[in-house]
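To start, the structure itself, in structure tokens.
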Amino acid sequence: MTALTRELSAIAGRAFAEEGLSPEFGLVKASDRPDLCQFQCNGALAAAKKGGGNPRALALKVVERLKGYSIFAKLEIAGPGFINIDLADTTIAARAAALVKDATLGAPTSGAGRTMVIDYGGPNVAKPMHVGHLRSAIIGDSLKRLFRANGWTVVGDIHLGDWGLQMGQLISEVALRGTAQIYFDEAFTGPYPAESPVTMEDLEELYPAASTACKADPERLELARKATAELQLGRPGYLALWKHFFTVSEIGLKREYASLGVEFDLWNGEASVDPLIAPMIEDFKARGLAEMSEGALVVNVAEPSDKKEMPPLILLKSNGSVNYETTDVATIIERVRDQNPDLILYVVDQRQHLHFEQVFRAAKKAGLSGKAVLEHAGFGTMNGPDGKPFKTRAGGVMKLFDLIAMANEEAKKRLTEAGIGADYPAEEQADIAQKVGIAALKFADLANYRLTDYMFDLERFTKFEGKTGPYLQYAAVRIRSILRRAAEEGLIGSEPVVRSPEERALVLQILALPDAMEAAEEKRAPNILCEYVFTLAQMFSRFYAEHHVMSEHDEELRLARLGLCGLTLDVLVKVLDLLGIEVPERM
RNA sequence: GCACCCGUAGCUCAGAUGGAUAGAGCGUCGGCCUCCGAAGCCGAAGGCCACAGGUUCGAAUCCUGUCGGGUGCACCA
């Protein structure tokens, strides 16, 4: 099913074409002034500006042509040449009825036949996840769902940080403590113990200790660097230890992402491309794409048109080890080989932008990216009240686990306060608290535009009124409640009708879903979906406050409203799903 | 120093290709539960869109400059 605005744009575009102008001027969009009209076309103004002539006169000619189409209930020219458009209620009701039968609810098909790899999450092995990891997980997960809904074949990859200096820091820390000697005994030939010498709790203590020590002491840092290099060269004891770190961390990470409702198709890490690195470096050397500089092997990625300084990409450090620039280039080779994607999207902190610029340039220079467009979809920092990256009052970073627990706790409290959940089974109460808490968290984050830094406010992340995730769930739950009653009485909704301003506004918003999904894809911006679904819930709430469904005596109207409720619920649930938010049966 | 991003209501944030009267939530004030869930609905107050120029019929949006904030600039990720 074609999106309504697209259909209207096509009609208006034809009218412009018949006037000898580009059909692009026929773009029709939802009105900025709903008090004046439902849709607007501003193309006459743009066309007049480009080609000269009077915009009002042109608008008049276009409108004359549009009058031949019966779907327009109102065609007006306003101000300097806006074309204001209304559709008949029967027309929009018929569109809604058609939507009921469309399982995709009119979703765009922009991704049909196209494949993308989306790289998000990016946690580090052996480091506990903190609130800073929230954005990549939530935004990436939402974009994955959105692109998939728009027809793309999507492969989501967590891309763990598991091959860099932090591994060397850990290995050297374990060595210094002498708690697992066997892994450092060069005479030992294996096999190494199957049981990990460290637990997750150990890692949570080991890493910060190692990191702090390395920062304070250059010699300690040198030990870590050396261990990193040896690990990457394949020293068996280090590899065995690394494997343990990885396995132990993976369990914790999986649990944490599961509680967020975030999933990945691939659990690859930097280390997984290790076998590709040596041949890749040889290839760069053989083709003269890499050169020695200050002891390191680098790729010059500067271009004459650069306004800023563009440092070279370091392929091989002077001590022979690699950092994440190298693994990121190798990962492109891996992805092109395995998925041959049309797009590789990196959902990573905006502060990494220069890094990706370098990686992309190196990959293109060497012709490694196949048909893929490489794109960094960065996001802003989550700041504390001081405008600096968020820290707890104690000065540490807040663990993601604690944040989720707090949100759930608030949700549970609210449920008991409202009294309504008192008779629910304990298991359901816990389930509701989880869904509501996560919804508050995700929506509070996703509602901000991706690129702007925003202030982390615990209160806002655990708030359930106003423009929040739970408000949206609440709207959906109220519809479910109506539908339950209807089912008890054996009633089934019929085709929606539009007989009131509230119904009209609601149906128009429902019909705008494809526009929101398309815009959100184009901008890689889930906040557009947030904006859309919040308005939808508002339109429903107004309708709900103004009209009764079950107690409506006109039976035909009652069933039509039931149908409208059903459709609204479907759209609500769908968009919330795109945001990674689940709706409980009741709350 | 060079480069990029940002500055919108008391607070936190939206604002899609340059469009009409710049929006929302929170907070404040005032209404609405003897009919489907008040985590809701309705209304009011609240703005020199940092500042100064420019382009345009039209600028929060584009250009230039100033001030203020953030970020990045070779072996950390």
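- Residues A/F534 and A/Y471 bring their aromatic ring centres within 6.0 Å.
- For A/S481, whose side chain is taken as the heavy atoms from C-beta onward, the closest listed nucleotide among B/A24, B/C36, B/A77 is B/C36.
- Between A/E357 and A/R361, at least one side-chain nitrogen of the basic residue sits less than 4.0 Å from a carboxylate oxygen of the acidic one, meeting the salt-bridge criterion.
- For B/G27, there is no paired nucleotide, since no Watson-Crick or G-U wobble pair has both relevant distances below 3.5 Å.
- Atoms CZ (A/R220) and C1' (B/C76) sit 14 Å apart, rounded to a whole Å.
- Considering only the side chain of A/T452, B/A14 comes nearest among B/C26, B/A14, B/G40.
- Across the protein-nucleic acid pair, A/K463 atom NZ and B/G25 atom C1' stand 9 Å apart, rounded to whole Å.
- Side chain of A/R351, nearest nucleotide from B/U71, B/A74, B/G25: B/U71.
- The CZ atom of A/R460 sits 14 Å away from the P atom of B/G27 (whole-angstrom rounding).
- Regarding A/I314, its CD1 atom lies at a distance of 8 Å from the P atom of B/C76, rounded to whole Å.
- Considering only the side chain of A/K49, B/G18 comes nearest among B/A77, B/G18, B/G37.
- Of the P atoms belonging to B/U66 and B/U56, the separation is 24 Å, rounded to the nearest Å.
- Side-chain proximity of A/P80 to B/A39, B/C57, B/A77: nearest is B/C57.
- B/A44 sits 27 Å from B/C51 when the P atoms are compared, rounded to a whole Å.
- To the nearest whole angstrom, the two C1' atoms, one in B/C26 and one in B/A45, are 15 Å apart.
- Residue A/D35 places its side chain closer to B/U21 than to any other of B/U21, B/C41, B/A38.
- Taking atom P on both nucleotides, B/G46 is separated from B/A59 by 24 Å, rounded to a whole Å.
- The side chain of A/N448 has B/C13 as its nearest neighbour among B/C42, B/C36, B/C13.
- Within 6.0 Å of NZ on A/K365 lie more than 12 heavy atoms contributed by other residues, nucleotides or ligands.
- Rounded to a whole Å, the NE2 atom of A/H355 is 11 Å from the P atom of B/C73.
- The pairing partner recorded for B/G18 is none, the criterion being a Watson-Crick or G-U wobble arrangement whose two distances lie under 3.5 angstrom.
- Along RNA chain B, the nucleotide closest to A/T228 and the one closest to A/L451 are compared, and the more 5′ of them pairs with A/L451.
- In B/C42 the base sits anti relative to the sugar, since the glycosidic angle is further than 90° from 0.
- Annotation: B/C57 and B/G18 have their C1' atoms spaced 12 Å apart (nearest Å).
- Under 3.5 Å, the side chain of A/Y474 and the base of B/A39 form no donor-acceptor pair of N or O atoms.
- Nucleotide B/C33: unpaired (no Watson-Crick or G-U wobble partner with both distances less than 3.5 Å).
- The same atom, P, is picked in B/A50 and in B/U12; the two are 15 Å apart, to the nearest Å.
- Within the 4.0 Å cut-off from OP1 or OP2 of B/C36, not a single side-chain nitrogen or oxygen of A/R480 is found.
- Here A/Q169 does not reach the OP1 or OP2 of B/A77: none of its side-chain N or O atoms lies under 4.0 Å away.
- Here the nucleotide nearest the side chain of A/Y449, chosen from B/A74, B/A38, B/A14, is B/A14.
- We find that CZ of A/F443 is positioned 13 Å from C1' of B/U12, with the value rounded to whole Å.
- Counting distance only, with no hydrogens placed and no angle test, the side-chain atoms of A/E325 and the base atoms of B/A74 include no donor-acceptor pair under 3.5 Å.
- For B/C62, the paired base is B/G54 (Watson-Crick or G-U wobble, both distances below 3.5 Å).
- With hydrogens and angles ignored, the 3.5 Å screen pairs a side-chain donor or acceptor of A/S272 with a backbone N or O of A/G269.
- Closest-nucleotide positions on RNA chain B for A/S31 and A/H353 were compared, and the one nearer the 5' end corresponds to A/H353.
- Counting to the nearest Å, the P atom of B/A39 and the CZ atom of A/F540 are 14 Å from each other.
- In terms of phosphate contacts, A/N527 brings a side-chain nitrogen or oxygen within less than 4.0 Å of OP1 or OP2 of B/G15.
- Under the stacking criterion of a centre-to-centre distance below 5.5 angstrom and an interplanar angle below 30°, A/Y544 sits stacked against the six-membered ring of B/C36.
- For the side chain to side chain contact (heavy atoms under 4.5 Å, CB included) test with A/I482, the passing option among A/R561, A/H548, A/M550 is A/M550; the others fail.
- Donor-acceptor pairing under 3.5 Å, judged by distance alone, is present between the side chain of A/S293 and the base of B/A74.
- In this structure, the nucleotide among B/A77, B/G72, B/G25 sitting nearest to the side chain of A/L354 is B/G72.
- For an aromatic pair to be called close, the ring centres must be under 6.0 Å apart, and A/H159 with A/Y346 fails this.
- Taking 4.5 Å as the limit, every side-chain heavy atom of A/I581 sits out of range of all side-chain heavy atoms of A/I438.
- A donor atom on one side chain and an acceptor atom on the other are found under 3.5 Å apart for A/R220 and A/S172.
- Listed nucleotides: B/G19, B/A39, B/A77. Nearest to the side chain of A/F464: B/A39.
- Judged by ring centres under 5.5 Å apart and planes tilted less than 30 degrees, A/H548 stacks against the six-membered base ring of B/C35.
- On the P atoms, B/G65 is 15 Å away from B/G1, given to the nearest whole Å.
- Rounded to whole Å, the separation between the P atoms of B/C11 and B/G19 comes to 27 Å.
- When both pairing distances are held under 3.5 Å, B/A38 makes no Watson-Crick or G-U pair with any nucleotide shown.
- Searching all strands for a Watson-Crick or G-U wobble partner of B/C2 with both distances below 3.5 Å returns B/G72.
- Pairing for B/C67 goes to B/G7, judged as Watson-Crick or G-U wobble with the two contacts each under 3.5 Å.
- If you take NZ on A/K285 and CG on A/L315, they are separated by 9.0 Å, rounding to the nearest 0.5 Å.
- When the C1' atom of B/G72 is taken as reference, atom CZ of A/F379 falls 15 Å away, rounded to whole Å.
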